[in-house]
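Not measured: the values here are computed from a predicted model. Computation of the quantities below employed the complete heavy-atom set of this structure, encompassing side-chain atoms and omitting hydrogens, waters and symmetry-equivalent molecules.
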Amino acid sequence: MKRTGVAGARLLALILMGAALDLSGCASIDSALTRREATHAARPVQPTLANSGEGAEAQAESPPAAAPVAPTPPPPAAVVQAAPVAVENGSDTGTSVNKSIQSLRGQLQTIETALAAAAQRQSEISGRDAQAITTYEEGDAHIAIRLQVGTTRGNPQLVGEWNNAQSALDTLTSDINALAAIGTELSGQSASARQILQTVGATLNAPGAVDEDHRQLTVLDDEAHRTVATLDRMLTEIGHTVERQTAYVAAERPRLARLAGAIRSGELENGVAAPFMNSGMNSAMHSAVEASPTVAGAPIATIKFDHAGTDYQKMLYAALSQSLQSRPSASFEVVAVSPTRGTAKAVQLAQIDAEHHAQDVMHSMNQMGVPPARMGVSSSTDPAIATTEVRVYVK
């Protein structure tokens, strides 16, 4: 079992090295405007559908928090709530076996202290990365929209937003390394906890113990098992988060470099899509934005974006859960619906806005457990509406 922990540490170390080598970006937009860096393509991570059958009923009881605005790969997953295991202090029976018990208990308490500190650092990183992704995506979306409607060459406002976006990706890259370091540390703690389990088992068979010693050993065995389980959950979560963020950053570095060239020219270049056709995971989420929806019937959810900060998470989650309970194999079509009122430029901006909201809704659905392969996106117009809407249909 100890070898498994060491192997996990080496694996995370390799991920750390790969992130440091492949995900570095330009120091500023000036360097990006003068040279284009070669980047490695990232393989998208395909999540599994979590809200079908019995899983849907369980998740429906606790709707997830609102997903950060992120029209590319999923943001960092929620941190596992790793509450430290309370280690019971037993009385000293005066036996030699009890002295071994006290030593083992002290070792487990040390592991619990380290586990709590690691969980706190992981939580801080998760919050920082969520903000970094929001900063990056908002900057990316605003730059692309400004370029699409036209702007001046080398617009200093867009240069500033580009630099902020670059800084946000740098934060994510740095935190990939930090998470890998936490994983390496926890791998060592996991190996130590497993060693305690083995020693507890051997001590149960040692001569010279009294009944109270065996009771304390039984309690200690349970505490050690729960500690190992918590460490394993944390290591799994860190591994998944590192994988997702590595793919995210690798996908966005080349896009950011292309945006730099577009800022220089003042218009979108070939290969630089609007926010709703961003690179990375979007290619796995849909093949193209179609001119009209490919589904019929009433939508299971209609989200009206008539004010800032529209809160649709609970309503959307309930609609998805109900649909998946009746049809576990269902797929979904997300339709960006825009009004047709106003000038030609106003109509175009409304379409861009609707498609951007549709991408946000798709990522919320992905966070709720719907895999990209079971989602499609299309666009449409409706002269009867005054503000943009996103409608979700079952296909």
Side-chain angles (χ1 to χ4, degrees), residues 1-12 48 50 53-55 57-62 64 76-126 179-242 369:
M1 303 299 289
K2 187 172 182 179
R3 290 182 179 177
T4 301
V6 173
R10 289 177 178 171
L11 175 60
L12 285 171
T48 56
E54 296 180 0
E57 297 175 2
Q59 292 187 32
E61 297 176 359
S62 303
V79 175
V80 173
Q81 297 301 315
V85 176
V87 180
E88 177 184 305
N89 289 320
S91 59
D92 185 357
T93 63
T95 66
S96 59
V97 170
N98 193 265
K99 287 183 172 56
S100 298
I101 295 172
Q102 291 179 34
S103 175
L104 292 170
R105 184 182 294 122
Q107 295 173 38
L108 189 60
Q109 288 172 336
T110 299
I111 292 173
E112 290 296 336
T113 300
L115 186 155
Q120 178 61 33
R121 296 202 306 274
Q122 187 185 6
S123 178
E124 292 170 356
I125 290 172
S126 179
L179 282 171
I182 293 174
T184 300
E185 176 186 333
L186 292 180
S187 292
Q189 299 296 347
S190 179
S192 297
R194 284 179 164 82
Q195 183 61 49
I196 289 174
L197 274 175
Q198 293 179 2
T199 306
V200 167
T203 306
L204 278 168
N205 297 319
V210 297
D211 289 343
E212 174 61 17
D213 292 334
H214 277 199
R215 187 197 70 80
Q216 292 184 27
L217 282 169
T218 300
V219 171
L220 192 61
D221 181 78
D222 176 68
E223 293 166 347
H225 269 102
R226 286 188 285 141
T227 299
V228 168
T230 300
L231 285 165
D232 286 348
R233 288 198 303 273
M234 290 182 68
L235 282 168
T236 298
E237 177 61 37
I238 287 173
H240 290 167
T241 302
V242 166

message: If you compare all heavy atoms of Ala224 against all heavy atoms of Leu108, which two are closest, and at what distance to 0.1 Å?
response: N-CD2, 3.9 Å

query: When you measure from the side chain of Thr218 to the backbone N and O of His214, does any donor-acceptor pair fall under 3.5 Å?
result: yes

statement: Heavy-atom nearest pair, Asn98 first then Ser91, reads ND2-O, 3.4 Å

task: Can you measure from CG (Leu115) to CG (Leu231) and round to the nearest 0.5 angstrom?
output: 4.5 Å

- line: OG of Ser100 to CD of Gln216, rounded to nearest 0.5 Å, is 12.0 Å

message: How close do Ala206 and Val97 get, counting heavy atoms only, and between which atoms?
response: CB-CG2, 4.3 Å

statement: Across all chains, not counting sequence neighbours, the side chain to side chain contact (heavy atoms under 4.5 Å, CB included) partners of Asp222 are Arg226

- prompt: Of all heavy-atom pairs between Ala118 and Ile182, which one has the smallest distance, and what is that distance?
  reply: CB-CG2, 4.0 Å

- prompt: With distance as the sole criterion, is a donor-acceptor pair present between the side chains of Gln122 and Ser126 under 3.5 Å?
  reply: no

field: Interatomic distance, Leu179 atom CG to Glu237 atom CD [nearest 0.5 angstrom]
entry: 9.5 Å

- request: To the nearest 0.5 Å, tell me how far Glu223 CD sits from Ile196 CD1.
  value: 10.5 Å

field: Non-neighbouring partners of Asp232 that pass salt bridge (charged side-chain N to carboxylate O under 4.0 Å, His left out), sequence neighbours left out
entry: Arg194

query: Rounded to the nearest 0.5 Å, what separation is found between the CD1 atom of Ile101 and the CG atom of Leu217?
result: 3.5 Å

- prompt: Would Gln109 and Asn89 count as having a side-chain donor-acceptor pair, cut-off 3.5 Å?
  reply: yes

field: Any pair counted as salt bridge (Lys or Arg N to Asp or Glu O under 4.0 Å), so long as it reaches residues 196-215, sequence neighbours left out
entry: Glu88-Arg215, Glu212-Arg215

message: Going by salt bridge (charged side-chain N to carboxylate O under 4.0 Å, His left out), name the residues that satisfy it together with Arg121, two or more places apart in sequence or in a different chain.
response: Glu185

statement: Output for pair (Leu220 CG, Arg105 CZ), nearest 0.5 Å, gives 6.5 Å

Leu186 backbone acceptor or donor facing Ser190 side chain under 3.5 Å: no

- request: List in chain and number order the residues that pass side chain to side chain contact (heavy atoms under 4.5 Å, CB included) with Ser192, two or more places apart in sequence or in another chain; answer none if no residue qualifies.
  value: Ile111

- prompt: Restricting to pairs with a member in residues 90-103, which pass salt bridge (Lys or Arg N to Asp or Glu O under 4.0 Å), not counting sequence neighbours?
  reply: none

statement: For Ala193 and Thr227, the nearest pair of non-hydrogen atoms, with its separation, is CB-CG2, 4.4 Å

